[in-house]
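Remarks on the structure that follows.
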Amino acid sequence: MARLKIEISVPESHVETVIEALHAAGAGRVGAYARCSSIWKVTGNWQALPGSQPYDGEVGVVQHSEECRIESVCDAAQARSIQQAVRDAHPYEEAVIHFLPLYEP
C-alpha cells in the first residue's frame, strides 16, 4: 500500500488540536507504533488577497509569523478523511496540508 508523508502548517496555539484530529483520523501509524509525528518551528509568509478572511494579518499586507510544521505519515487510502479532519480542526481559512508520496524500497 502506498504511504504518504503529511505536512501541515499551523499556529502554535492550535498544534495540539490539529495533532489530535490528525491522529484520530488514523495518521501516524509506523509499524507497531501509533501517534507518530514531529513538530518544527518555521516562519510562514503570506499575503491575504481581496475577498479573503485571514486568521492573522490584513488583506493586502505581506505577513510573516512563526508557525509550526506538523509532519506525520498515513496510507494513501486515508488521505481524504485525514485532510477533512485536519481542515475541521484548523483555524486557517485555507489550511496548508501537503501529502507527499514516500519511496519505500
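Note that CG of L22 and CD of E71 are 11.5 Å apart. Values are rounded to the nearest 0.5 Å.
Summarising the geometry of C68 relative to I39, their closest heavy-atom pair is CB-CG2, 3.8 Å, with the distance given to 0.1 Å. In plain terms, the two heavy atoms of F99 and A79 that are nearest each other are CZ-O, 3.5 Å. Taking every heavy atom of both residues into account, A21 and A89 meet most closely at CB-CB, 3.6 Å. Closest approach of P91 and P11 over heavy atoms only: CG-CG, 3.7 Å. S72 and H23 get closest at one heavy-atom pair: OG-NE2, 4.1 Å.
Within the structure, every pair that satisfies the salt bridge (Lys or Arg N to Asp or Glu O under 4.0 Å) test and touches residues 20-34, not counting sequence neighbours, is listed here: E20-R35. Listed by first and then second residue, the salt bridge (Lys or Arg N to Asp or Glu O under 4.0 Å) pairs involving residues 45-62 amount to none (not counting sequence neighbours). Sorted by first and then second residue, the salt bridge (Lys or Arg N to Asp or Glu O under 4.0 Å) pairs with a member in residues 92-101 form an empty list; sequence neighbours excluded. Among pairs with a residue in residues 5-17, those fulfilling side-chain hydrogen bond (donor to acceptor under 3.5 Å, both in side chains) read K5-E7, S9-R69, E12-K41, at least two apart in sequence or across chains. Pairs of residues two or more places apart, or lying in two chains, that qualify as ring-ring contact (aromatic ring centres under 6.0 Å, His included) and include a residue from residues 59-94 are Y55-Y92, H90-Y92. Within the structure, salt bridge (Lys or Arg N to Asp or Glu O under 4.0 Å) pairs that include any residue of residues 82-91 do not occur (at least two apart or interchain).
When side chains are defined from C-beta on, I19 counts as touching S37, because their heavy atoms get closer than 4.5 Å. Taking the side chain as every heavy atom from C-beta outward, L49 and V59 never approach each other to under 4.5 Å. Side-chain contact check for L4 versus V73: every heavy-atom pair is 4.5 Å or farther apart. Residues V62 and N45 fail the side-chain proximity criterion, which asks for heavy atoms closer than 4.5 Å. Side-chain contact between I6 and I82 is present, with at least one heavy-atom pair separated by less than 4.5 Å. Under the 4.5 Å side-chain criterion, counting only non-hydrogen atoms from C-beta, D75 is in contact with R3.
Within 6.0 Å of atom CD in Q53, 12 or fewer heavy atoms from other residues, nucleotides or ligands are found, so the atom counts as exposed in its surroundings.
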Checking side chain to side chain contact (heavy atoms under 4.5 Å, CB included) for the pair V96/I8: CA distance, chi angles, key distance, verdict? CA-CA 6 Å; V96 176; I8 305 163; over 6 Å; no
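In this structure a side-chain-to-backbone donor-acceptor pair under 3.5 Å is present from Q47 to G60.
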